[in-house]
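Below: one structure, written as structure tokens.
Being a predicted model, the structure only gives us computed values, none of them experimental. What's counted below: heavy atoms across the whole structure, side chains too, no hydrogens, waters or symmetry copies. Counting starts at 1 for both ligands and their atoms, following the listed order.
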Amino acid sequence: MPEQTDSASRRLLGRLRDTLAEPGAGQERLDRITHIIAEQMGTDVCSIYLFRDPDTLELCATEGLKPEAVHQTRLRVGEGLVGRVAKTARPINTGNAPQERGFRYMPETGEEVFSSFLGVPVQRLGVRLGVLVVQSKEGRQYSDDEVYALEVVAMVLAEMTELGAFIGEGEALTALHSRPAMLRGTVAQEGVAMGHAWLHEPRVVVTQPIADDPATEMARLNEAVDKLRITVDEMLNAAPDGDNEQLQVLEAYRMFANSRGWKRRMEEDIARGLSAEAAVEKEQSAARARMQTVPDPYLRERLHDLDDLSNRLLRILTGQGERTGAERPADPILIARNIGPGELLDYGRSLRGIVLEEGAVGSHAAIVARALAIPLIVHAGRITTEALNGDPVLVDGEQGIVHLRPEETVASAFRDKMAMQAKAVKRYAAIRNEPALTLCGTRVALTMNAGLMADLPSLESSGAEGVGLFRTELQFLVRTKVPRRSELAQLYARVIDAAQGKRVVFRTLDIGSDKVLPYMKRREEPNPALGWRAIRVGLDRPGVMRMQIQALIRAANGRPLTLMFPFVAQLDEFRTAREHVLGELEREERLGRVLPEKVEIGAMLETPSMAFAPRQFYEEADFISIGGNDLKQFFFAADRENEHVRRRYDTLNVSFLTLLEQIVKRCEDTGTPLSFCGEDAGRPVEALCFAAIGLRALSMRPASIGPVKNMLRKSDLTEARAVIDAARASGAQSVRPAVMDWLRRRGE
Ligand code: PEP
Ligand code: MG
């Protein structure tokens with residue numbers, strides 16, 4: 001790049017900085033800036049368009065167009081050349097603007113005399129802030145150098161906008177991050193929450209986008225990139241073998257960290273007058289803009305990696321770490337792009353809600369959030385760029401909506417909703433120690449699902465009659481290596497202690513599918529949900545399963561022990577697993593340990609095959625627990641983690657209810673205790689229908705026990721059964737409409 005253009009560009013930035021350092025309102029500054037840019041670049045026009053709302057751009061300052069058009073001329077995104085730059089986030093450079101596709105003539109500006117047009121987006125980290133335009137009478141294309149120079153200026157404008165340099169009168173000049181924003185996402189854990197934003201990774205703030213001495217900035221960049229390369233190499237050395245996904249990410253980090261192109265572009269930015277951190281951010285912004293348009297998921301992931309790497313580099317350069325000095329609000333709503341289960345556990349129950357930009361309903365973080373009963377919304381737009389630490393946030397984990405900096409009317413409607421819920425919670429607390437006894441005198445046992453130590457206090461507060469499902473894999477998922485037997489024995493003993501004589505059903509390790517242990521060699525499987533998981537892993541590699549059984553026997557220490565195996569798909573699997581338990585009991589006895597007073601060995605019924613298993617299965621299992629989440633996904637062939645199909649099939653679909661009813665009958669025939677422990681057990685209408693077709697034990701999230709008990713206590717199961725039967729006889733696909741109608745008529 002010619003030295004001359006670099007120094008011209010630096011002079012321009014220098015003048016901009018001086019202008020910004022002078023006192024003055026936003027409008028004055030914008031006016032001066034357009035004047036300087038036009039003068040310095042030798043163009044007839046320079047205009048700045050900013051967003052006044054997410055769909056409309058407003059001409060906010062101009063040198064060369066008619067001044068009366070300022071704050072009058074407005075364009076929709078995509079409209080005219082300016083609107084197109086905003087929409088595509090790409091520059092438009094033309095020597096013959098009126099002939100350009102999409103050109104729109106705006107008479108009030110007097111722009112008809114200008115043939116050439118160069119517009120570049122003003123954007124910061126993927127957030128579009130406006131468009132910067134230069135125009136000339138002479139019909140010529142602007143040179144690459146000129147385009148580049150204008151992009152560098154646009155970058156500085158974006159930084160200054162972020163820092164609040166242009167706040168003034170009118171919508172377009174309001175402070176950023178001050179308007180209410182509503183983002184839609186996907187519910188991963190239901191519930192409503194109100195609080196203040198707490199960013200898991202606070203944004204780095206670039207306070208000095210312009211620098212005088214390129215040599216110093218170059219040296220700073222080199223030093224930071226060297227540090228970054230060392231960190232990435234260290235991360236690669238420390239990465240566990242076999243974790244292909246993590247290795248892939250780190251390899252991508254290394255590739256970018258050593259990429260000449262990335263470094264060269266940043267050096268060019270510095271040569272033109274940007275500080276090292278502004279140069280990093282300029283490249284990061286460009287990558288984010290690309291990220292939004294790249295359809296290929298693999299490429300998008302790599303752009304994400306580049307984004308992460310840029311953040312690391314920015315932290316090295318600015319010294320801004322995770323700690324920014326901001327104080328964590330008393331009612332934090334955690335905002336993050338994504339988060340691991342361990343990190344989430346560190347925050348623990350202090351969080352009111354969680355909003356993730358990425359994440360997945362079936363992620364480990366979602367499992368932890370569910371266990372902690374913290375409302376969680378995933379795939380929530382650009383929440384990490386929109387939210388600032390301390391912003392008021394409402395999480396509507398029913399609709400999957402996040403209100404950021406809500407208007408008072410929204411906040412007050414939300415407060416009403418929360419108050420109604422609080423009232424309901426009070427109502428449920430009043431029946432906490434009452435049994436779930438229906439109007440027709442049937443008793444249904446309500447137990448809770450658990451998996452973390454954090455769940456134990458809920459045993460008392462929810463009124464659960466015990467733990468119907470203890471997901472032991474959560475303890476494995478939140479660790480970095482396989483837990484030791486003694487550690488597990490202690491942990492299980494604490495669970496049994498906390499239950500104070502109530503029954504706890506420990507489910508042996510259910511890993512595989514979406515639950516991947518970070519420290520276990522992973523198999524690439526074409527279809528993990530149908531792959532090597534749960535009991536299949538346990539039987540093929542019995543070491544860990546046996547260790548877990550030993551830990552359970554030791555934890556019981558003479559008290560009753562109940563355990564069950566997940567994902568049994570044929571009788572043999574259950575028999576072999578049972579043999580393992582009996583073998584371990586013998587071994588422990590030989591070692592002189594106290595055996596449990598009583599051992600119950602059960603099976604989860606999660607595959608349709610077991611509904612049709614030989615009678616012996618029902619006779620040999622001490623009890624059966626229906627894992628409705630998996631059973632449903634296999635019954636309907638609809639992936640429980642796939643948002644496109646997850647909700648397509650109703651649990652109250654006649655086919656599914658008939659399958660459940662058949663399992664109930666088979667268990668009645670053999671006298672096998674039966675329960676249902678999938679998510680649906682915690683939904684009052686579903687729970688009522690399950691009870692009506694004969695289920696007498698339901699296990700659910702602790703927060704669901706109150707609502708389900710309330711529903712059952714107000715219901716007559718014979719009546720409910722009649723409604724279900726009538727709906728079935730009528731040929732309905734699902735009994736839900738009929739049941740809902742009956743409930744409405746009953747006054748609910
Ligand atoms: C189920 O499948 O219903 C179940 C309870 O197990 P998980 O959700 O842990 O797979
Ligand atoms: Mg399951």
Any Arg507 heavy atom less than 4.0 Å to ligand 1: yes
Winner among Asp680, Asn449, Asn629, Ile626 once heavy atoms are compared against atom 4 (C) of ligand 1: Asn629
Per-residue contact class, Leu631 against ligand 1 - non-hydrogen pairs under 4.0 Å: neither
Heteroatom distance test (Arg533, ligand 1): nitrogen or oxygen, under 3.5 angstrom: no
Heavy-atom closest pair, residues Ala193 and Arg352: CB-O, 3.2 Å
Numbered atoms and elements of ligand 1 in range of Gly678, under 4.0 angstrom, heavy atoms: 3 (O)
Glu679, portion touching ligand 1 at heavy-atom distance under 4.0 Å: neither
Atoms in ligand 1 with a heavy atom of Leu469 nearer than 4.0 Å: 5 (C)
Nitrogen or oxygen of Gly628 less than 3.5 angstrom from that of ligand 1: yes
Partner set under ring pair (Phe, Tyr, Trp, His ring centres under 6.0 Å) for Phe634, not counting sequence neighbours: Phe567
Mode of Arg640 contact toward ligand 1 - side chain, backbone, both, neither (heavy atoms, under 4.0 Å): side chain
Numbered atoms of ligand 1 (with element) below 4.0 Å of Asp630, judged on heavy atoms: 1 (C), 2 (O), 3 (O), 10 (O)
Pair Asp725 + Arg721, salt bridge at N-O below 4.0 Å: yes
Ion pair check, Glu620 and Arg575, cut-off under 4.0 Å: yes
Ring centres under 6.0 angstrom apart (Tyr492, Phe506): yes
Presence of salt bridge, Glu190 and Arg701, under 4.0 angstrom: yes
N, O or S atom within Asp630 nearest to the Mg ion (ligand 2), by name: OD2
Distance filter under 4.0 Å to Cys677 heavy atoms, resulting ligand 1 atoms: 5 (C)
SB check Arg615 Glu619 (cutoff 4.0 Å): yes
N, O or S atom within Glu606 nearest to the Mg ion (ligand 2), by name: OE1
Proximity to ligand 1 by part of Met700, non-hydrogen separation under 4.0 Å: neither
Listed partners of Tyr618 passing ring pair (Phe, Tyr, Trp, His ring centres under 6.0 Å), at least two apart: none
Whether Asp510 has an N, O or S atom under 2.8 Å from the Mg ion (ligand 2): no
For Gly627, atoms of ligand 1 separated by under 4.0 Å from a heavy atom: 1 (C), 2 (O), 3 (O)
Carboxylate-amine/guanidinium proximity below 4.0 Å for Arg471 and Asp510: no
Lys/Arg N to Asp/Glu carboxylate O, Arg443 vs Glu465, below 4.0 Å: yes
